[in-house]
Every structure is written in C-alpha cells, then in structure tokens.
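Chain identifiers are assigned alphabetically (A, B, ...) following the order of the sequence lines, protein sequences preceding nucleic acid strands; residue numbering begins at 1 within each chain.
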Protein chains: 2
Amino acid sequence: MSTIGKALTLLDTISRLEKEAGLSDIARHCGLDKATARRFLVELEKHGFVEQDMETRRYRLGGAPVRLARIRETRFPYLSVATPFAKELASLTGETVHLSEHAAGRLSTIHVEDSQRAHRVIVDVGSILPFHATASGLGFLAFCPQKEIDAALSAPLQAFTDHTLTDPTALRQTLGETLRRGYSICHHGLETGVVSVAAPIRAPGSTPVGAIAIAAPATRADKETVEQMGRAVMATARRISERLFGLEQAAADPLARRAG
Amino acid sequence: MSTIGKALTLLDTISRLEKEAGLSDIARHCGLDKATARRFLVELEKHGFVEQDMETRRYRLGGAPVRLARIRETRFPYLSVATPFAKELASLTGETVHLSEHAAGRLSTIHVEDSQRAHRVIVDVGSILPFHATASGLGFLAFCPQKEIDAALSAPLQAFTDHTLTDPTALRQTLGETLRRGYSICHHGLETGVVSVAAPIRAPGSTPVGAIAIAAPATRADKETVEQMGRAVMATARRISERLFGLEQAAADPLARRAG
DNA sequence: GTCTTTCGGTTCATTATTTGAACCTCAGCT
DNA sequence: AGCTGAGGTTCAAATAATGAACCGAAAGAC
C-alpha cells in the first residue's frame, strides 16, 4: 500500500476510536510501527487533519475536514437538503432516522435524528454500515449496478448476530425483493432487537449516493408497522432525490436498468 | 516534503479550485508531475477524499471529509453551537456574518450567514482568511500567544488592496489595540469597500479556536456603526465561547496572559 | 479530411523517501 | 532502586516515489 493510503487509513482509524488516543495506541490499532505512526501523525497535524492535545499528548481529529466538508456541501448539499426530511420522518414515525453517504466504497452515517422515545435505537454519527447487515446497506446495494453488488458480496461477510444473512445467494434474493419493493427491510442484521427499513437516494440513471433509514426496536415493529415505515422511508428518499437531482426521477423505472 | 504532505496539499488545491478540474490542470496547479498527481488522486479517491466524474473524467472533492467533519462536530460542536448565534447576529445587524476555524495554521471560513440586503458582502465558505488582512485574522491573532503572532508576521505579507497593512510593526500595534478593545476592525484589508469587525472564540487560558466576524459595505459603516457592530460581535463571541468551553470565561482577564 | 495539440492515462529504470529496531528520556508503579 | 510502558528520535537498510517518454483518443486548426 502506498504511504498516502497508509496515512489515510490511520486517519480513518483515529476517526473510529471512541476518543483521543495516544501514539502507542494508535500505532497498535493500525498495525504500524510507532515511529511511522508518529511521522504520519505529524504530517496529518501540519495539515489540520489531526490535533494533538498539548497536555495529554493524545491525538484527536482536527478541523481541516470541516472546511472540506463545507466546501463539498456547497457544491453538493446532501446534508442540508436531506436533514429536514429526516427530521420530518423522525417526528412522523417517532423512531430514529439516519442518513448515510457512500464514499470510499463504504456507507457511512453522516446524520442521525434521534427518536424522542425512551426506548429507542441509538446510531452513531460516523459509523460504517455494512452492506449485507443493515437496511441502509441493502437499500443502497439493491439499486447499484451488478458490478458493485458482486464486489460487495465477494468479500467475506461477517455475521454480527444470529440473524445476519451471510449467504451471497440469499442476499442476492433479498436485494431482488428490495429492488421490486422499493425499500429494504433488515431484521436483527447488525444488532438483535432492531428492525430497520431504508431506501436509496439517487439520480435516475446512476449509482445511489446514499440512503435514508428508520431503525426501530423489534417490539414496536410488527409487520404492518414495518410496511408503513417502509413506504414512508421510500417516499422520503424519493423527495430528497428529487430535490437533489431534479424532477426526472418520477419517470425512471428502476427495473429497466438492470436488464443489461 | 513528505509524500503525505504533497498529497494533502493536492487535496487542498482541489478544494480551492472553483469547480471540477482535469488531471493536467490539477498537476499544473500543484507543480506536480502528471503521473504523480494521478497516483495521488487515485489514492485519495480510494479513500473517498476525491471523486472522479466518470463522464468528464474530472476530479472533485469526495464525501469522506463529510464523515470526518461530522465526527469532529459531535466531539467538538463548534458549528452547531455557533451557527444560531451567527444567524442572530446577522439578523440583528443586517450584515453578512461569517465563522472561521483555525486548522493547519490557517483560518478558514466554515460558515456564512448572508445579509438579506441587496448590497452586501459575499464571503465564500472554505475561503482562507489571511491573518494580517482580515478582521477575523486580526481578532484571532490578537488573542494568541506571542509566538503565534511572531510566526504569522514573519512570513511575507501580501498587500491585497492599497489599504492592506503589511508592516509588522504597524500590525503589532493594531493587534495591541484589538486586544485592549476586545474586537478587531479591518478597513479594506482584503477587498476595497469592505469594513469588518471580528472577535475570537476561545477557552480562557488558551489559543482561540476561531473567530466570528461581521462584514459590511464601507458605505454603511460609519464610526458609530462600526463600534456598535464591534460590541455586538464581541458579545456574541463571548456567548459562543461560554457555550463551548463552560462559564469560566467571564472571570478571565485577557491582558493578564500576555505579561510573560 | 488531415495535421497538430492536448487530453487522460501508463510504463519502468532511476532516485529519493520511507521504514523500524534500537535507542533515549521521563513518569508512574512495585 | 529497579522496572515498565509512555512519547519521541536516530540512521543504515529496504522500499516506494518519481518523471521523461510513451500510448490512444479527441478536440481544434487549417
């Protein structure tokens, strides 16, 4: 792997750590030499991607990504467009709603609207959503070109719970159903006791850019409620897509593209 | 410079380009070989920091920084805390208000609340604010330790307009006044016809994390109005700082620290 | 229609950078 | 005192970055 790749992987690792971490910790997590990790950290710090607390000597995420994210957001206002819809969906359903974005071949949570209920599902901003074990992942993947699906299913698939689907054939069938239905359903894929539904956010002809999902405790998610939430999330995803990519959306037939 | 540094500089360059750019363009802007630029871009793309438009083959900022920025924001909610105050200040004064953050030794604009007036100052999100030629820069620097001031003033200072102060001695005096006054004033420093005032956002004992500024057309900024805006921006900066760092703020004497 | 330039992208011998074991110093523990 | 693991540094050995020259495609010039 190139030096750049290693440094960016280190940055990614830092972003996943619960909180500020020391040099040795970081080196261990990345499988890097201490000296190498330090050089990377110094370099990343020079550019504002990490910060070092002068007292504790620990490292944390820096401010540089904020600037980049704001620039990206002015060019492609995904968050600012989608957030109000997510809020609306959260208050409509009373459940936790989260938005994810596709980047670097992964789906990452970029916004969460928490349910107001005491018993609710917690989703962390920044968490990575595995394609095969989350409604977001399935909803995203179902509307991707076959090539992406193959790539996602060829990697070894981790079973997070007893219910996690890890058989590629079964998953392909699930994706087919999702595509026909228009939204995905995931029972206990990543955590037991959680049911979620999701739909992709996408320009008509192309790969989705992300997904919006509702996550509810299984105790509140009977068949009818799930269907209701599914239709709601699908409608919201469509409205967000229309706002982002224009109004051509309505005409496009999602099934047509898959024929090739 | 290390490879990582070069790659991050390339990323920074892309972020500054008006819009999507081609390979040769980017290589030229960075002073890099075409082959090298490409390797960097591919590596950055793998990690989601840049995206390539498959049709035009041009490169643009990717989605990865959004995830990092959101994580940073949950740990240190600068934007979400400060934005409502900026909004309030904008509607109070009727002028453009912008927030900046200090990272990688630079002050970058991370949020703008536009004035509602027809004749107004435009500030771009993502733009870098030179320390010596903007109210934000002066307001930030004035409250920094002497070491930072020396560093900022030792570099060659560009004159953006006929009014830009570039003499270190004069600037040091301005910084002294700013420190005593509590907010900075900048007449035509970066663009002619613009007057702005700013105040730093900071924890009591330490270097500021950013600044908040009001920018108005000079025609609307007589002495009294400037004073009024200055007091307003200072009060707002203080309130933001209190929200971010706790309530110790009020007790701290900004002049005390500089004695050493 | 053909020539020319410029584009994005690739190759591979040369070159410069990265690498990591060993080392240092310091703080906290036994 | 002696030990342990922290952050940080050094320098010869190993490895990865580099860029001139190259390709095919496409846009402009003539």
[X] has an atom [atom1]; how far is it from atom [atom2] of [N], in whole Å?
| X | N | atom1 | atom2 | answer |
| --- | --- | --- | --- | --- |
| B/Ile4 | C/dT18 | CD1 | P | 7 Å |
| A/Arg58 | D/dG7 | CZ | C1' | 12 Å |
| B/Ile26 | C/dC7 | CD1 | P | 12 Å |
| A/Gln52 | D/dG7 | CD | P | 9 Å |
| B/Glu20 | C/dC7 | CD | P | 17 Å |
| A/Leu32 | C/dT18 | CG | P | 14 Å |
| A/Met54 | D/dG8 | CE | C1' | 13 Å |

Counting only side-chain heavy atoms from C-beta out, which of [options] sits nearest to [X]?
| X | options | answer |
| --- | --- | --- |
| B/Asp33 | D/dT18, D/dA17, D/dG19 | D/dG19 |
| A/Thr36 | C/dT18, D/dA6, C/dT19 | C/dT19 |
| B/Lys6 | D/dT9, D/dA17, C/dT18 | D/dA17 |
| A/Arg57 | C/dG8, D/dG7, D/dG19 | D/dG7 |
| B/Arg38 | C/dG8, D/dT18, C/dT10 | C/dT10 |

Query raised in the report: So, are A/Arg16 and A/Asp124 salt-bridged, with charged N and O less than 4.0 Å apart?
Result: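 Not counted as a salt bridge, because no side-chain N and carboxylate O are separated by less than 4.0 Å.
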
Query raised in the report: Are any of the side-chain nitrogens in B/Arg57 or B/Asp53 under 4.0 Å away from the carboxylate oxygens of its partner?
Result: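 Not counted as a salt bridge, because no side-chain N and carboxylate O are separated by less than 4.0 Å.
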
Hey, is the side chain of [X] poking within less than 4.0 Å of OP1 or OP2 on [N], counting only N and O atoms?
| X | N | value |
| --- | --- | --- |
| B/Tyr59 | C/dG9 | yes |
| B/Ser24 | C/dT6 | no |
| B/Thr3 | C/dT18 | yes |

Query raised in the report: CD of B/Glu51 to CD of B/Glu45: how many Å apart, nearest 0.5 Å?
Result: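 Answer rounded to 0.5 Å: 8.0 Å.
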
Query raised in the report: Say you draw a straight line from CD1 of A/Ile26 to CD of A/Glu20; how long is it, rounded to the nearest 0.5 Å?
Result: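 The distance works out to 10.0 Å.
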
Query raised in the report: Contact class for A/Glu43 vs. all strands (heavy atom < 4.0 Å): base, sugar-phosphate, or nothing?
Result: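 If one applies the 4.0 Å heavy-atom cut-off, A/Glu43 turns out to touch nothing in the nucleic acid.
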
**Report entry** Pair of N/O donor and acceptor under 3.5 Å linking D/dG19 base with B/Lys34 side chain
**Finding:**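 It does not, because no donor-acceptor pair links the side chain of B/Lys34 to the base of D/dG19 below 3.5 Å.
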
Query - Earlier contact from the 5' end, DNA chain D, for A/Leu23 and B/Arg39 - result: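 With B/Arg39 and A/Leu23 compared, the 5'-side residue is A/Leu23.
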
Requested in this report: Hey, which sits more toward the 5' end of DNA chain D by its nearest nucleotide, A/Ala35 or B/Ala35?
Outcome: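 Here A/Ala35 is the residue nearer the 5' end.
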
Report task. Select from B/Asp25 and A/Met1 the residue whose nearest nucleotide in DNA chain C is closer to the 5' end of that strand. Result ->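 On the 5' side of the pair lies B/Asp25.
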
Query raised in the report: Taking everything shown except B/Glu148 itself, do over 12 heavy atoms lie less than 6.0 Å from its CD?
Result: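 Counting other residues, nucleotides and ligands, CD of B/Glu148 exceeds 12 neighbours.
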
